[in-house]
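Notes for the one structure printed next.
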Amino acid sequence: MTRRAQGRMRGLVRVWRVVTAATVLAALAAGCTLETDPDGDAKRSGDGGRVLAVKIDNVGPARPQTGLDAADVVYVEQVEAGLSRLMAVYATKLPPVVGPVRSARETDLDLLRQFDRPALAFSGAQGKLLPLIDAAPLRPLPPGDASAKAYYRDNGRPAPHNLYLRPAALGVRPKASGLDSTGFTFGPRPAGGTPETRRTVRFPSARFTFTWVEYEGRWHIAMDGTQARTPAGKALAAATVVVQRVDIRDSRFHDRSGNTSPLTRSVGSGTAQVLRDGRSYEARWERRSADDGTEFTTPKGKPLDFAKGPVWVVFTKA
């Protein structure tokens with residue numbers, strides 16, 4: 001190698017070192033570290049991930065879903081054509097598998113801002129929505145941005161209802177304290193309330209029925225008239241069900257068939273019913289900003305405690 005070639009090589013090495021240092025510093029400035037996933041690919045992991053949120057399919061071919069029974073909170077959202085989709089939030093434990101995983105919506109961005117940089121697992125999103133997801137204070141982990149071992153297809157199910165997630169492969173370590181920012185409070189059954197053992201909530205093309213089972217201390221969940229179960233046959237259930245009346249309007253996004261994507265406004269205030277212990281409680285909800293949790297109070301302004309256990313929040317049109 002000539003002296004001139006050697007000089008060029010040393011110059012390239014110096015440039016490479018500068019670029020590498022700049023990349024590391026940028027990651028540190030963003031509160032992130034560079035690490036290597038199990039497949040040897042570089043990835044970015046932040047100080048977020050105190051909860052893992054997963055978008056889950058909820059049409060007939062997607063049932064029974066896997067891992068829903070391990071979720072601490074499940075949000076029920078309206079999507080195109082009046083159907084529903086679920087967002088399962090995990091903080092206290094991660095199940096081995098979750099799914100089927102489906103795409104994100106604009107509704108998710110404000111909803112997730114109450115958590116401290118949550119990790120979001122989803123199958124993808126409309127092209128125009130992706131920049132908003134990338135700019136949001138969360139850690140997006142769709143296929144391609146996660147370890148190759150995180151997602152897989154179940155060939156026994158029809159696409160697109162067959163994408164599943166192995167949460168442990170994401171490198172996310174949720175903490176129970178990640179739920180503190182929801183605004184939910186838990187405690188003994190409040191005084192008052194109206195005895196109620198069955199409640200049905202309807203979307204244009206979906207319905208949910210919650211039935212109180214006294215000996216379990218849980219609300220069994222039926223979807224479109226059929227009891228929801230785990231793949232092992234266990235009835236899906238919640239300790240508290242919140243029927244939250246919100247503003248649902250058309251967003252600027254559409255699906256491939258031209259159907260408008262609904263936008264659910266989870267910031268603001270309104271009324272709700274809280275179902276717990278076989279009773280229904282009239283409630284007020286308030287979420288002052290997207291960075292705040294949602295406070296639920298009695299009509300007289302006292303905090304309304306939830307029962308300890310899984311919480312299902314159903315967003316219905318006010």
Side-chain angles (χ1 to χ4, degrees), residues 48-59 62-77 84-102 104 108 111-112 114-123 138-139 141-143 146-147 149-154 157 161-182 184 186 208 210-211 213 216-223 226-242 275-276 293 306-314:
R50 291 174 62 223
V51 302
L52 169 64
V54 185
K55 288 307 297 285
I56 298 182
D57 202 348
N58 195 37
V59 294
R63 301 170 186 157
Q65 295 97 334
T66 301
L68 268 182
D69 56 322
D72 296 284
V73 184
V74 176
Y75 293 99
V76 181
E77 307 171 1
S84 65
R85 191 157 292 177
L86 310 177
M87 180 183 288
V89 178
Y90 300 89
T92 57
K93 61 181 177 180
L94 291 178
V97 175
V98 177
V101 180
R102 289 301 300 273
D108 305 328
L111 182 58
L112 286 172
Q114 65 188 296
F115 301 103
D116 181 16
R117 288 192 58 83
L120 173 62
F122 60 109
S123 64
L138 55 82
R139 182 183 172 193
L141 289 170
S147 163
K149 296 180 180 179
Y151 291 92
Y152 69 95
R153 293 280 180 182
D154 180 352
R157 289 197 176 209
H161 316 291
N162 64 348
L163 181 66
Y164 286 82
L165 169 70
R166 299 182 184 95
L170 295 176
V172 177
R173 296 174 179 82
K175 298 179 180 178
S177 59
L179 297 175
D180 293 346
S181 57
T182 59
F184 302 166
F186 296 85
F208 298 82
F210 302 94
T211 303
V213 180
E216 290 186 9
R218 291 289 188 267
W219 298 87
H220 279 199
I221 301 163
M223 301 178 184
T226 301
Q227 171 66 53
R229 296 186 182 276
T230 68
K234 178 183 176 182
L236 203 59
T240 303
V241 177
V242 180
L275 308 178
R276 59 162 296 175
F306 294 175
K308 187 177 181 180
V311 178
W312 278 58
V313 179
V314 184

Atom pair CG (Asn162) and CZ (Arg153), whose distance is rounded to the nearest 0.5 Å:
5.0 Å

Side chains of Met223 and Leu236: closer than 4.5 Å at any heavy-atom pair?
yes

Closest contact, heavy atoms only, Phe115 versus Gly178:
CD2-O, 3.5 Å

Gln65 side chain vs Ile56 backbone, donor-acceptor pair below 3.5 Å:
no

Can you name the nearest heavy-atom pair linking Trp312 to Ala237, along with the distance?
NE1-O, 4.3 Å

If every non-hydrogen atom of Val172 is compared with every non-hydrogen atom of Leu141, which pair is closest and at what distance?
CG2-CD1, 3.8 Å

Fit a plane to each ring of Phe186 and Phe184, take the angle between them on a 0 to 90° scale, and name the class: parallel (under 30°), tilted (30 to 60°) or perpendicular (over 60°).
perpendicular

Arg157 and Tyr164: side-chain donor and acceptor closer than 3.5 Å?
yes

With no hydrogens and no angle check, just 3.5 Å: does a side-chain donor-acceptor pair link Ser84 and Asn58?
yes

Check: Arg50 side chain, Ser177 main-chain N or O, donor-acceptor pair, under 3.5 Å
yes

For Ala239, is there any backbone N or O sitting under 3.5 Å from a side-chain donor or acceptor partner on Arg276?
no

To the nearest 0.5 Å, what is the distance between CG on Leu112 and CE on Met87?
4.0 Å

Lys93 NZ to Asp72 CG distance, which is reported to the nearest 0.5 Å
8.0 Å

Return the set of residues passing side-chain contact (heavy atoms from CB on, under 4.5 Å) with Thr211 (not counting sequence neighbours), or none when no residue passes.
Arg198, Thr209

Could you give the distance from CG (Asp57) to CG (Leu86), rounded to the nearest 0.5 Å?
8.5 Å

Could you grab the distance from atom CG of Leu111 to atom CD of Glu77, nearest 0.5 Å is fine?
6.0 Å

How long is the gap from CG on Leu165 to CG on Leu94, to the nearest 0.5 Å?
9.0 Å

Donor-acceptor contact below 3.5 Å, side chain Thr66 vs main chain Val97:
no

Please give me the minimum heavy-atom distance between Arg139 and Gly171, naming the atom from each residue.
NH1-O, 4.2 Å

